[in-house]
Amino acid sequence: MISSHRDRRPWQGETVGDARAPRVDYDAGCYLCPGNTRVSGERNPEYGGVFAFDNDHPCVGPDAPDPGALPTGPYQVRRADGLSRVVCYSPRHDRSLAELPHNEIVGLLEELQRQYQELSARPEVRHVLMFENKGEVVGVSNPHPHCQIYATNFVFRTIELEAEASAAFLATNGRVLFQDVIAAEEADGRRILGACGSALAFVPYFARYAYETFVAPRATHANMAELSPTELADLAAVLGGTLVRMDNLWRMPFPYVMAFHQAPVDGGAHRGFHFHIEIHTPLRKPGLLKYLAGPEIGGGNFLNDTAPEDKAAELRATPTTHYRSIVVIPSGAPALRSASDEGRDRDPPDRGPST
Ligand SMILES: [Zn+2]
Ligand SMILES: [Zn+2]
């Protein structure tokens with residue numbers, strides 16, 4: 001449900017504090033920084049690039065306890081086999097994914113390809129979910145930029161639904177559902193955020209959150225490991241550019257939940273599944289959360305208070321250079337910026353209701 005006419009209704013509820021990005025490149029108290037000791041007692045190496053390790057508090061893992069007695073009634077239970085990993089983007093405590101140079105984003109995606117190949121080959125693993133939670137409003141306590149991998153012995157529900165829908169659409173229409181989504185978005189054009197060769201980003205017609213964004217290769221691949229080096233570089237460019245725009249929108253680290261949606265590896269064919277990245281953004285405005293309430297929690301459907309076309313236009317109007325990369329003169333004088341950014345760095349237009 002889209003109800004963008006409600007976006008300007010008065011709000012007397014709680015607002016959340018502005019997130020401030022860390023300003024130190026190393027924090028002695030951070031369990032993810034190079035050389036520091038984690039709660040497990042293990043010491044991080046003096047890593048210089050991407051660093052992946054098994055999660056010290058895994059939700060699934062080889063040491064999962066036996067579930068014990070079968071539950072009474074219709075319930076089912078099984079061991080939480082699999083592996084949970086943490087992937088630090090770089091040794092820099094203060095550099096988010098949006099602020100990484102292109103070659104480092106490519107390096108990260110290459111590491112995720114390797115992780116996918118290794119983890120999906122494990123016999124107990126039926127799905128590999130890669131995700132980043134960013135920002136205190138989505139519950140992140142450690143600001144050191146990192147993502148997580150859950151290689152589970154079950155398929156997450158959203159992936160299961162996408163796989164079912166993709167297979168059904170292919171069987172009925174003979175076409176890949178996500179290809180039709182891309183074609184529709186490009187034909188309309190208003191929700192496209194950007195493209196680079198074989199990859200593109202858009203706020204989908206069916207966006208549930210304000211600024212919800214999909215980043216995807218144009219070609220259909222079941223998982224990210226199937227992407228060629230060129231496709232991976234294009235995807236990195238579009239992903240990086242999208243995250244820069246989000247940070248620039250309110251000149252603050254933009255909180256999100258980002259998930260890489262890949263086909264299950266449970267033995268099914270999963271034809272028609274198209275690998276993509278979804279970025280779910282909990283803020284409607286600076287400091288104002290989209291609360292999940294009656295329609296979402298109570299009814300299971302989303303009520304989006306914003307028009308996806310308006311949100312895409314706001315993001316497109318932001319500069320493509322990250323605001324923190326702009327040199328600020330210590331006296332507090334105006335920042336230096338590239339000529340191409342002149343006049344583009346402004347507050348998002350105040351749009352009235354459009355529907
Ligand atoms: Zn750190
Ligand atoms: Zn998806």
Side-chain angles (χ1 to χ4, degrees), residues 19 21-63 82-122 125 127-136 138-152 215 223-225 227 229 232-233 235-237 239-240 243-244 247 253 255-260 262 277 279 322 324-325:
R23 288 285 179 185
V24 290
D25 57 9
Y26 168 78
D27 178 352
C30 168
Y31 63 86
L32 297 178
C33 272
N36 291 358
T37 303
R38 304 202 302 272
V39 283
S40 62
E42 268 192 74
R43 193 167 174 271
N44 296 330
E46 294 288 348
Y47 64 94
V50 182
F51 169 53
F53 62 93
D54 287 348
N55 197 321
D56 299 317
H57 300 288
C59 80
V60 291
D63 300 326
L83 265 185
S84 312
R85 284 200 173 136
V86 176
V87 182
C88 296
Y89 296 154
S90 89
R92 287 279 298 265
H93 184 79
D94 60 343
R95 211 184 246 176
S96 69
L97 186 52
E99 295 167 86
L100 288 187
H102 175 71
N103 64 317
E104 289 188 34
I105 299 179
V106 172
L108 168 67
L109 295 182
E110 286 171 345
E111 174 62 25
L112 293 181
Q113 283 186 314
R114 283 190 291 273
Q115 291 285 338
Y116 179 87
Q117 281 167 331
E118 181 200 326
L119 294 169
S120 65
R122 293 175 70 97
V125 169
H127 182 251
V128 180
L129 183 71
M130 299 168 163
F131 62 93
E132 178 187 354
N133 300 329
K134 183 184 170 207
E136 287 177 16
V138 297
V140 178
S141 51
N142 189 319
H144 194 118
H146 67 283
C147 67
Q148 299 184 65
I149 306 175
Y150 284 5
T152 52
V215 178
N223 57 68
M224 67 176 306
L227 267 65
L232 206 71
L235 189 74
L239 178 62
L243 297 179
V244 166
D247 276 12
Y256 57 73
V257 172
M258 175 171 68
F260 288 44
Q262 316 188 78
I277 301 170
I279 305 170
H322 197 278
R324 290 223 301 175
S325 68

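Model, not experiment: these values are computed from the prediction. Residue numbers run from 1 in the order of the sequence given.
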**Student:** Working to the nearest 0.5 Å, report the span between CD of E104 and OG of S90.
**Tutor:**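 These two atoms lie 5.5 Å from each other.
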**Student:** Could you measure the distance from the SG atom of C33 to the CG atom of N142? Nearest 0.5 Å is fine.
**Tutor:**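 It comes to 8.0 Å.
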**Student:** Atom CE of M130 and atom CG of L112: how far apart are they, to the nearest 0.5 Å?
**Tutor:**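 Answer for the CE-CG pair, M130 versus L112, is 5.0 Å.
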**Student:** Step by step, work out the side-chain contact (heavy atoms from CB on, under 4.5 Å) result for L108 and V87.
**Tutor:** CA-CA 9 Å; L108 168 67; V87 182; 3.9 Å; yes
**Student:** Please give me the minimum heavy-atom distance between R43 and G35, naming the atom from each residue.
**Tutor:**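 Closest approach of R43 to G35, heavy atoms only: NE-O, 3.1 Å.
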**Student:** Determine yes or no for a side-chain-to-main-chain donor-acceptor pair under 3.5 angstrom, with N223 supplying the side chain and Q262 the backbone.
**Tutor:**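 Between the backbone of Q262 and the side chain of N223 there is no qualifying donor-acceptor contact (under 3.5 Å).
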**Student:** Between E99 and R92 (salt bridge meaning N to carboxylate O under 4.0 Å), is one present in this structure?
**Tutor:**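 The answer is no: the pair does not qualify as a salt bridge.
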**Student:** Check F260, Y150, Y256 against F131 for a ring pair (Phe, Tyr, Trp, His ring centres under 6.0 Å) and give me the one that passes.
**Tutor:**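 Testing each of F260, Y150, Y256 against F131, the sole residue satisfying ring pair (Phe, Tyr, Trp, His ring centres under 6.0 Å) is Y150.
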**Student:** To the nearest 0.5 Å, what is the distance between CG on N44 and CD on E46?
**Tutor:**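 These two atoms lie 9.0 Å from each other.
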**Student:** Is the backbone N or O of D27 less than 3.5 Å from a side-chain atom of N36, with the two atoms forming a donor-acceptor pair by type?
**Tutor:**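 Answer holds: yes.
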**Student:** For a quick test of reading the model, state the closest non-hydrogen atom pair linking L227 to Q113 and the distance between them.
**Tutor:**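 Closest pair (atom of L227, atom of Q113, distance): O-NE2, 3.2 Å.
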**Student:** Which heavy atom in A151 sits nearest to a heavy atom in L119, and how many Å separate them?
**Tutor:**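 Smallest heavy-atom distance, with atoms named: CB-CB, 4.0 Å.
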**Student:** If I take atom CE from residue M224 and atom CD from residue E110, how far apart are they, to the nearest 0.5 angstrom?
**Tutor:**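 Answer rounded to 0.5 Å: 9.5 Å.
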**Student:** State the CG-CG distance between L232 and L109, to the nearest 0.5 angstrom.
**Tutor:**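 CG of L109 is found 4.5 Å from CG of L232.
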**Student:** Is the shortest side-chain heavy-atom distance between M258 and L239 below 4.5 Å?
**Tutor:**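 A side-chain contact exists here, since the closest heavy-atom pair is under 4.5 Å.
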**Student:** Is there a side-chain contact (heavy atoms from CB on, under 4.5 Å) between D94 and D25? Walk through the geometry before answering.
**Tutor:** CA-CA 5 Å; D94 60 343; D25 57 9; 3.7 Å; yes
**Student:** Closest approach of F53 and C88, non-hydrogen atoms and distance?
**Tutor:**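 In terms of heavy atoms, the two residues are closest at CE2-SG, 4.3 Å.
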**Student:** Under 4.0 Å between a Lys/Arg side-chain N and an Asp/Glu carboxylate O for E118 and R85?
**Tutor:**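 Here E118 pairs with R85 in a salt bridge, since their nearest N and O are under 4.0 Å apart.
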**Student:** Considering residues at least two apart in sequence or located in another chain, which fulfil the ring-ring contact (aromatic ring centres under 6.0 Å, His included) criterion with Y31?
**Tutor:**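 Not a single residue meets the ring-ring contact (aromatic ring centres under 6.0 Å, His included) criterion with Y31.
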**Student:** Keeping H144 on the side-chain end and Y26 on the backbone end, is there a donor-acceptor pair under 3.5 Å?
**Tutor:**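 Checking the backbone N and O of Y26 against the side chain of H144, no donor-acceptor pair under 3.5 Å is found.
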